[in-house]
Undergrad: 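Encoded as structure tokens, here's the structure I'll be asking about.
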Amino acid sequence: MTPLKWFYGFLKRYRNLMILGIFLTTLIAALSIVNPYLSGIIVDDVVQAGNYDLLPKLIACLLGVTLLNSVLRFLYQLVFETASQGTLYDMRSTVYRKLLEEDFDFYNKKRTGDLMSRQTGDMDAIRHFVAYDIYAVYQNVLLFAFALLMIFTVNTKLALCMLVVLPFTALATFKQSREVKPAFQRNRNCFSSLNAFVQENISGNRVVKAFAKEDYEKEKFQIENDRFKDSQIRGSKVWMKYVPIFEILSYALTVILMLYGGYMVIQEEITLGDLVKVNGYLWMLNMPLRMAGWWVNDIQNFITSVEKIYSTYSEEPRVRTPRFSWNHGDSFGYPHDKIRGDVEFKGVSYQADGEDIVRDISFRVKAGQTVGIIGSTGSGKSTLMNLLCRFYDTTSGQVLVDGTDVRQMDLYNLRDNIGMAMQDVFLFSDTIEGNIAYGRPDCSFDQVKQAAIMADANHFISALPEKYDTIVGERGVGLSGGQKQRISLARALLKDPSILILDDTTSAVDMETESYIQKQLKTIKQDCTVFIIAYRISSIKDADLILVMDGGRIIESGTHEELAAAGGYYARTFRSQYGEIPYDMIREHKGLA
């Protein structure tokens, strides 16, 4: 499908409105030939022939046509504006829903500001085309054709003489359209880049201030701003080069009419009234010629915007629900079946950009068990959980949930059964209650509060002036790192998941709070499988299975006692955090052996 065909799919939903608008535009163009025609009659039959009884009737007709024209103009502008807003609404909704369906790989490669420019600047260019350019181009083509037809009825030689400018107009229009399209593509790219830069720096303003890099960022912004300005100027120069040509061609019509038309009146080939008629039609010829350059710009801007939006929309996610399960539930995951929570990794490997992230991972967890994952930074801990949630697909091997490969499961059903408190906490600009209830917006306040109590968040929330109705800033600005982590944990707990993933969730809280949270986690339902990624031994020491990762591989696995006594990576980490391992622990482990 081409970008323009894709756009037409939205526009044809408002086909009836567009047909009505085209009909009204045609009617207005037809009415536009009436007043010049009546003006010619007034000159010939009233002024020169002295038939003054016709004057009141002709003036009434002029006023009536003008009034009707005004009403019809209001109506067709309303019709086209309604169609443009409806088209834009449907297109924006469709693109936004597609953005929500895109996978992690898509967002890893795209900049937020660039995507935002698609939803704002590019969308507005499309709205302008539907609301104005369609009827303006059509109307002016009709005006030109009707005016030329009426001039032919007055005098064929005069009409043919005025047609001399058409080949030059067509040539200038063709050349401008070829030059202006790459200019607009460059403009939109520079605008997207500038928008992305501004968005990134506004979001990261605290980092900028923390490193006192305001001057550095101002210089970078100046470079982006200069690029955008230069691209705008270069684009303007293209149409500025051609606008004078169209102006000259339009004025040439006036010169032709005054010289040749005046000569024909002197030679009595046409009457003075005929000259007035043709002069009245002259604006209908001039307007299309003078505006041709602007419309070429608008149309090319529209085409560029459609192509950019479609290029984003047409990118298919690599991770998607298998076809056979598309009919089960809607695209937001309702209704869903509950899963038990058995998890198995069978020879799982994952590569990104040719680099091995995890290699040959195999382990099995029964529903209700707790798994702790520890390892150095970049060892692949979070990647395992991303593969379990199917944010990415494995390069080889299988991730099984309840014995089924996650690639064969309904994607939304899988994720709806998983609660995840991510390493990078994101909170929406909403109330604290709204953030906690994000996964279950229909839950009661008591359930929200209970989840907050389990996450040890209720006490600091209750101390806030607005309590649970407190609005948190973008990304949770206004809360400490530990507070954001606890709200994120409460959000995951409230979901009542079959699988709970805690990705370094307690790294920003004190040891006492962490101990409280660990006790609360033991009280959740027995059949909930829990994965805890942590750097602190205290967070995972009570887990049923502990996986130690390094370099994308599992280098050790077992219980806390087994690993502490084994003398490997886990034991060294335990020693660095707690000191020497007690001798009786080693003896107990040997006794078990």
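Only this structure's heavy atoms are used, side chains among them; waters, hydrogens and symmetry mates stay out. Residue indices begin at 1 and follow the sequence shown.
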Undergrad: Could you check whether E433 pairs with K449 (Lys NZ or Arg NE/NH1/NH2 to Asp/Glu carboxylate O, under 4.0 Å)?
TA: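 Salt bridge flag = no for K449 with E433.
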Undergrad: So, for C61 and L38, which heavy atoms are closest and what is the spacing to 0.1 Å?
TA: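 Looks like CB-CD1, 3.7 Å.
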Undergrad: Evaluate E466 against L464 for side-chain contact (heavy atoms from CB on, under 4.5 Å), listing each step before the verdict.
TA: CA-CA 6 Å; E466 301 295 328; L464 296 172; 5.9 Å; no
Undergrad: CZ of R13: more than 12 outside heavy atoms within 6.0 angstrom?
TA: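 Enclosed: over 12 neighbouring heavy atoms sit under 6.0 Å from CZ of R13.
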Undergrad: Using the six-membered ring wherever Trp is involved, compare the ring planes of Y310 and W6 and label them parallel, tilted or perpendicular (cut-offs 30° and 60°).
TA: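 Aromatic pair Y310/W6 classed tilted.
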Undergrad: Are the side chain of E307 and the backbone N or O of T304 linked by a donor-acceptor pair below 3.5 Å?
TA: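 No, because the side chain of E307 does not come within donor-acceptor range (under 3.5 Å) of the backbone of T304.
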Undergrad: What do you reckon, is CZ of R73 surrounded by more than 12 foreign heavy atoms closer than 6.0 Å?
TA: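 It does: R73 CZ has more than 12 such atoms within range.
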Undergrad: Nearest 0.5 Å, please: how far is CG in D122 from CE in M91?
TA: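 Reported to 0.5 Å precision, the distance equals 10.5 Å.
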Undergrad: Would a distance-only check, ignoring hydrogens and angles, find a side-chain to backbone donor-acceptor pair under 3.5 Å from Y281 to I151?
TA: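 Checked: no pair found.
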Undergrad: If we ignore angles and hydrogens, is there a donor and acceptor under 3.5 Å between the side chains of Y138 and T26?
TA: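 Y138 vs T26: donor-acceptor pair found between side chains.
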Undergrad: Does any non-hydrogen side-chain atom of T271 lie less than 4.5 Å from one of L275?
TA: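 They are not in side-chain contact.
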Undergrad: Quick check on F168: does its CZ atom have over 12 non-hydrogen neighbours (other residues, nucleotides or ligands) under 6.0 Å away?
TA: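 Atom CZ in F168 is not crowded, with 12 or fewer foreign heavy atoms closer than 6.0 Å.
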Undergrad: Apply salt bridge (Lys or Arg N to Asp or Glu O under 4.0 Å) to E316 and K98, showing your working.
TA: CA-CA 9 Å; E316 292 296 332; K98 183 62 180 295; 3.5 Å; yes
Undergrad: At their closest point, which heavy atom of Q447 faces which heavy atom of C443, and how far apart are they?
TA: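 Smallest heavy-atom distance, with atoms named: OE1-CB, 3.1 Å.
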Undergrad: Could you check whether any side-chain N or O of S488 sits under 3.5 Å from a backbone N or O of K484, counting only pairs where one atom can act as donor and the other as acceptor?
TA: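 No, S488 side chain to K484 backbone: no donor-acceptor pair under 3.5 Å.
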Undergrad: Would a 4.5 Å heavy-atom cut-off, applied to side chains only, mark L427 and R491 as touching?
TA: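 Yes - at least one pair of side-chain heavy atoms lies under 4.5 Å apart.
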Undergrad: For the atom pair CE (M284) and CG (L142), what is the distance rounded to the nearest 0.5 Å?
TA: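 M284 atom CE to L142 atom CG measures 9.0 Å (nearest 0.5 Å).
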Undergrad: Give the C-alpha distance, both sets of side-chain angles, the deciding distance and a yes or no for side-chain contact (heavy atoms from CB on, under 4.5 Å) between M123 and S305.
TA: CA-CA 7 Å; M123 287 288 184; S305 296; over 6 Å; no
Undergrad: Could you check if a side-chain atom of L68 sits within less than 4.5 angstrom of a side-chain atom of L27, using non-hydrogen atoms only?
TA: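 Of all side-chain heavy-atom pairs linking L27 with L68, none is under 4.5 Å.
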Undergrad: Answer yes or no: is there a donor N or O on one side and an acceptor on the other, between the side chain of T470 and the main chain of K467, under 3.5 Å?
TA: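 Such a contact is found between T470 side chain and K467 backbone.
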Undergrad: Walk me through it: do Q139 and F144 pass the test side-chain contact (heavy atoms from CB on, under 4.5 Å)?
TA: CA-CA 9 Å; Q139 183 184 53; F144 191 91; over 6 Å; no
Undergrad: Under 3.5 Å, side chain of R415 to main-chain N/O of R390, donor-acceptor pair present?
TA: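 Side chain of R415 to backbone of R390, a donor-acceptor pair under 3.5 Å: yes, one is there.
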Undergrad: Measure the spacing between CD of E219 and CD of Q222 and express it to the nearest 0.5 Å.
TA: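 Here the interatomic distance stands at 9.5 Å.
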Undergrad: For N69 and V65, indicate whether the former's side chain and the latter's backbone hold a donor-acceptor pair under 3.5 Å.
TA: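 The answer is no, because no donor-acceptor pair under 3.5 Å joins these two groups.
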Undergrad: So which atom in V306 and which in L4 form the shortest heavy-atom distance, rounded to 0.1 Å?
TA: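 Scanning both residues completely, I find the closest heavy atoms to be CG1-N, 4.3 Å.
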Undergrad: Might you confirm whether atom CZ of F152 has over 12 heavy atoms from other residues, nucleotides or ligands at distances under 6.0 Å?
TA: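 Enclosed.
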Undergrad: I'd like to know if the side chain of N435 reaches the main chain of F428, judged simply by a donor and an acceptor atom lying under 3.5 Å from each other, with no hydrogens or angles considered.
TA: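 Checking the backbone N and O of F428 against the side chain of N435, a donor-acceptor pair under 3.5 Å is found.
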Undergrad: Supply the atom-to-atom distance I42 CD1 to L58 CG, rounded to the nearest 0.5 angstrom.
TA: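 Reported value, rounded in 0.5 Å steps: 5.0 Å.
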Undergrad: Are any of the side-chain heavy atoms of M264 and N155 separated by less than 4.5 Å?
TA: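 With C-beta onward as the side chain, the pair touches.
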Undergrad: Decide yes or no for F10 and T94: does some side-chain heavy atom of the first lie under 4.5 Å from some side-chain heavy atom of the second?
TA: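 They are in contact (side-chain heavy atoms under 4.5 Å apart), so the answer is yes.
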Undergrad: Measuring from atom OH of Y76 to atom OG1 of T25, what distance do you get when rounded to the nearest 0.5 angstrom?
TA: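 Rounded to the nearest 0.5 Å, the OH-OG1 separation comes to 6.0 Å.
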Undergrad: Any idea which heavy atoms bring A83 and V130 closest together, and the distance?
TA: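 Result for this residue pair: C-CG1, 4.2 Å.
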Undergrad: Just verifying a value: how many Å separate L11 CG and T87 OG1, rounded to the nearest 0.5 Å?
TA: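 If I round to the nearest 0.5 Å, the distance is 5.0 Å.
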Undergrad: Within the distance-only criterion (no hydrogens, no angle test), does the side chain of R440 pair as donor or acceptor with the backbone N or O of L494 below 3.5 angstrom?
TA: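 Checking the backbone N and O of L494 against the side chain of R440, a donor-acceptor pair under 3.5 Å is found.
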Undergrad: So S39 and K277, do their side chains get closer than 4.5 Å, heavy atoms only?
TA: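 No; the side chains remain at least 4.5 Å from each other.
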Undergrad: Taking the six-membered ring for Trp, are H128 and Y132 parallel (under 30°), tilted (30 to 60°) or perpendicular (over 60°)?
TA: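 Tilted, since the angle between the ring planes falls between 30° and 60°.
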Undergrad: Taking the inter-plane angle between the rings of F302 and F129 on a 0 to 90° scale, is it parallel (under 30°), tilted (30 to 60°) or perpendicular (over 60°)?
TA: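 Rings of F302 and F129: parallel, under 30°.
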Undergrad: Answer yes if the side chains of Q85 and E81 hold a donor-acceptor pair under 3.5 Å, and no otherwise.
TA: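 Indeed, the side chains of Q85 and E81 share at least one donor-acceptor pair under 3.5 Å.
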Undergrad: Locate the shortest heavy-atom distance separating M420 from C389; write the atom from each residue and the value.
TA: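 Of all heavy-atom pairs spanning M420 and C389, the closest is SD-SG, 4.0 Å.
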Undergrad: Assess the residue pair K12 and F7 against the criterion (side-chain contact (heavy atoms from CB on, under 4.5 Å)); give the C-alpha distance rounded to whole Å, side-chain angles, the decisive distance to 0.1 Å, and a yes or no.
TA: CA-CA 9 Å; K12 71 179 181 180; F7 161 75; over 6 Å; no
Undergrad: For a 4.5 angstrom cut-off between non-hydrogen side-chain atoms, does E269 reach K157?
TA: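 They are in side-chain contact.
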Undergrad: Does any non-hydrogen side-chain atom of D90 lie less than 4.5 Å from one of Y14?
TA: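 Y14 reaches D90 side chain to side chain.
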Undergrad: Less than 4.0 angstrom from a charged side-chain N to a carboxylate O is my criterion; do R127 and D124 meet it?
TA: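 Salt bridge present between R127 and D124.
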Undergrad: Give the minimum heavy-atom separation between P288 and W283, together with the two atoms involved.
TA: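 Answer, listing the atom of P288 first, then W283: CD-O, 4.3 Å.
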